[in-house]
Amino acid sequence: MAQFWKPGTEKPRLLEDEDGGVIFLSSSYSSSSSGYGYVSIEKQRQRLPVYKYRTAILYLVESHATTIVVGETGSGKTTQIPQFLKEAGWADGGRVIACTQPRRLAVQAVASRVAEEMGVKLGEEVGYTIRFEDISSPDLTRIKFLTDGVLLREMMDDPLLTKYSVVMVDEAHERSISTDIVLGLLKKIQKRRPELRLIISSATIEAKSMSNFFLSSKRRQALEGEELRPRLEPAILSVEGRGFNVQIHYVEDPVRDYVQAAVSTVLLINDKEPPGDILVFLTGQDDIDAAIKLLTEEARSNGKNSSGLIILPLYSGLTRAEQDLIFSPTPKGKRKVVISTNIAETSLTLEISDIENLVVAPISKASARQRAGRAGRLRPGKCYRLYTEEYFLNEMSIQGIPEIQRSNLVSCVIQLKALGIDNILGFDWPASPSPESMIRALEVLYSLGVLDDDAKLTSPVGFQVAEIPLEPMIAKIILSSNELGCSDEIITIAAVLSIQGDHVTFLNIYKGFLQSGKSSKWCHKNFINYHAMKKVMEIRELLRRIVLRLGIVLKSCETDMQLVRKAVTAGFFANACRLEAYSHGGMYKTIRGSQEVYIHPSSVLFRVNPKCVIYHSLVSTDRQYMRNVMSIDPSWLTEVAPHFYQQQRHNPTIH
DNA sequence: GAGCACTGC
């Protein structure tokens, strides 16, 4: 059984690797559990931890070009800071305060909360913009919430973001690609607009590196007007959250079998600790099933104390109803044990380049901290780590790798090009992607006919592809479908590739769905996710409108699937694979790269093994599996992408 | 015969 020791009393909660240089305005805020009866909105606002920093925040924003706010969940920073700014006059004279979020749902939720607190109608003084919805008014809106992707699109029309006085980038620690691009561009804008103020808000202690990013400048600004300028070095302010203390325990020695160790630890906790539920993190469904089996057996043979365990699995493959079981209240005298994947952590993706990687890998310190935080949401808790403290301190990486350093960059590069950033390799990123991944993206864009020999957007194809809010390869197949006369089918495929399924299979499903009168019963009968279908319809409608604006006429090829296949090939030629002759296992090799790949068993082409296929995505487990597969005629490849499949290829000029 | 989890324009 795993042995734990308690660390000393030192070490403030969850701040293990805090760096120096942080202005920590400590205070003795005690979380006042809600009183009885009615509490005015103003009282509620004043109870938020961030309220005590109002003056400090306003002073720092006034005097510094960039302010970094480190605040844990529940500090109230997202809802309050924009209001503080407005109250202090930052939205006077028709100016607007922007606050970005990485996710649509957060944008909507925060905007309606702030409108409620201010007692105004959503869409007037307080508004929001996300992809399908613009609930804001150019004349009235003073505080605007938006996804960082939408802010990027706005920069295409107004590169200096002239209507905004302050831009607050929230959840910057999540380091999504669009957050990183936004941060890089905002730094550029600041040089041209010294009056613009930035607030970078982050939940973890990434503040120091963020500060260095905004401080470092290739050439210092000119001295003229120095006294009017804000200080250039970013201010850092730390605001405590509302989480409770979580006591961390480590094992003394590395464990040999972590499933066994997890089970033993659950039983130990059940034996020794006062009432309270348990959340266990494991890597995947296999381990979870094994742990549940083992725990059930050991609990039964252990006797008296263990009968009170309610053991529940949690992973995405379960139905919604099964997942909801974990929210049911634990009966008195019982203890709930939830054994989960990282679904309960809300974060983390393991991806390398453009291949999704499902290999088990160690988590980062940031993930470990996030997991521990799950124990302290409502009251103090404990966290048992099944690795040693030495491992935590010396072996685990501080932060996961930012998305931009582990992703396919084609979308990102074309967005920068569309924003007029010509020197892509010289762009100042918070975290630079590797030159190799940039060059790979440039080569694909060149092959798609989106960039010319000087790595500039081509006209009209390059500009049209940039205009369509989809991956460039998908945008390209839409343009090709216009020439081939199958645009009606292709926009359906384009809409659905964000969901799942083989291209042609899905087209058939979509037709069936329409014939059923978009019936949810039909979906249920055919094991099809009705909500996914609704989402497909939504995206398809958006695409239809964009495509019409580009002058593409919707035309159906009826039953001639050759045209559809050819159009898809025009965008995904780089993902062409040939079946290896005499291979019994259905082994394919990519035509340009000879990488060994297999058709995913979820594909209808599994075991059919056509001679030549193209795929939409690769997933890497024990093998590289192709998902979303379509059979093609290899002669099309040289036809649609001669430069890519010719003997001697030439690369686009790199600037 | 596979099966961690997701978001955005």
Side-chain angles (χ1 to χ4, degrees), chain A residues 100-108 129-134 146-157 171 174-182 281-289 313-318 323 339-352 356-363 367 370-371 400 402-404 406-408 410-412 414-416 418-419 465-472 474-475 494-495 498-500 535 538-539 542-543 545-546 585-586 598-609 617-627:
Chain A
T100 74
Q101 297 288 321
R103 274 174 298 279
R104 297 158 53 90
L105 205 66
V107 168
Q108 291 172 302
T129 309
I130 56 179
R131 176 157 60 161
F132 293 118
E133 281 175 66
D134 183 9
L146 64 177
T147 51
D148 32 32
V150 167
L151 190 68
L152 266 180
R153 287 271 153 183
E154 286 193 0
M155 287 185 197
M156 293 187 188
D157 297 327
E171 312 287 354
E174 288 194 18
R175 303 301 299 271
S176 75
I177 288 187
S178 39
T179 307
D180 274 13
I181 302 177
V182 161
F281 285 100
L282 290 176
T283 55
Q285 191 181 336
D286 285 350
D287 281 349
I288 291 173
D289 291 342
L314 178 62
Y315 46 83
S316 75
L318 298 173
Q323 291 187 12
I339 305 186
S340 171
T341 61
N342 54 14
I343 192 174
E345 177 193 327
T346 64
S347 74
L348 206 72
T349 316
L350 303 172
E351 274 179 64
I352 295 172
E356 285 179 57
N357 202 333
L358 297 189
V359 175
V360 175
I363 60 168
S367 279
Q370 181 118 4
R371 290 177 178 194
E403 195 184 6
I404 195 139
R406 53 181 165 80
S407 303
N408 184 323
V410 284
S411 299
C412 168
I414 197 171
Q415 265 182 317
L416 289 175
L419 284 164
V465 166
E467 174 89 12
I468 299 173
L470 294 171
E471 288 173 69
I474 301 198
S498 54
I499 316 287
Q500 276 299 337
K535 185 136 193 172
E538 204 179 48
I539 297 175
L542 172 90
L543 290 178
R545 271 186 262 146
I546 291 172
Y598 296 83
I599 294 179
H600 195 277
S602 66
S603 168
V604 294
L605 293 180
F606 179 66
R607 290 219 191 99
V608 176
N609 294 336
S617 61
L618 273 187
V619 59
S620 162
T621 51
D622 56 330
R623 287 170 169 180
Q624 310 277 4
Y625 287 102
M626 301 182 268
R627 282 197 299 210

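Please read all numbers here as calculations on a predicted model, not as lab measurements. First the proteins, then the strands, lettered A, B, ... as listed; each starts at 1.
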To the nearest angstrom, how far is A:Q415 atom CD from B:dT7 atom C1'?
-> 14 Å
Taking the side chain of A:H600 as its heavy atoms from C-beta onward, which of B:dA2, B:dC9, B:dG1 lies nearest to it?
-> B:dA2
Whole-Å gap separating P (B:dG8) and CD (A:Q101) | 11 Å
Counting any heavy atom closer than 4.0 Å, what does A:L542 reach on the DNA or RNA strands: base, sugar-phosphate only, or nothing?
-> nothing
With heavy atoms under 4.0 Å as the rule, sort A:R103 into base, sugar-phosphate or nothing.
-> sugar-phosphate
Result for 5'-nearest mapping on DNA chain B, choosing between A:Y625 and A:E471, is A:Y625
B:dG8 phosphate, OP1 or OP2: any side-chain N/O from A:R153 under 4.0 angstrom?
-> no
Find the distance A:I288:CD1 to B:dC4:C1' and express it as a whole number of Å.
-> 9 Å
The side-chain contact (heavy atoms from CB on, under 4.5 Å) partners of A:E538 (sequence neighbours excluded) come to A:F132
Residue-phosphate contact under 4.0 Å: A:S602 side-chain N/O, B:dG3 OP1/OP2 | no
Is A:L470 close to A:V465 at the side-chain level, that is, under 4.5 Å between some pair of heavy atoms?
-> no
What is the distance, rounded to the nearest whole Å, between atom CZ of A:R545 and atom P of B:dC9?
-> 14 Å
Starting at CD1 of A:I404 and ending at C1' of B:dT7, how long is that distance when rounded to a whole Å?
-> 15 Å
Name all residues meeting the side-chain contact (heavy atoms from CB on, under 4.5 Å) criterion together with A:E174; count only those two or more places apart in sequence or in a different chain, and write none if there are none.
-> A:P102, A:R103, A:E171
Side-chain heavy atoms of A:Q108 within contact of A:I130, under 4.5 Å | yes
Check whether any side-chain N or O of A:T147 sits under 4.0 Å from OP1 or OP2 of B:dC9, and answer yes or no.
-> yes
Given B:dG3, is OP1 or OP2 found less than 4.0 Å from the side-chain N or O atoms of A:Y315?
-> no
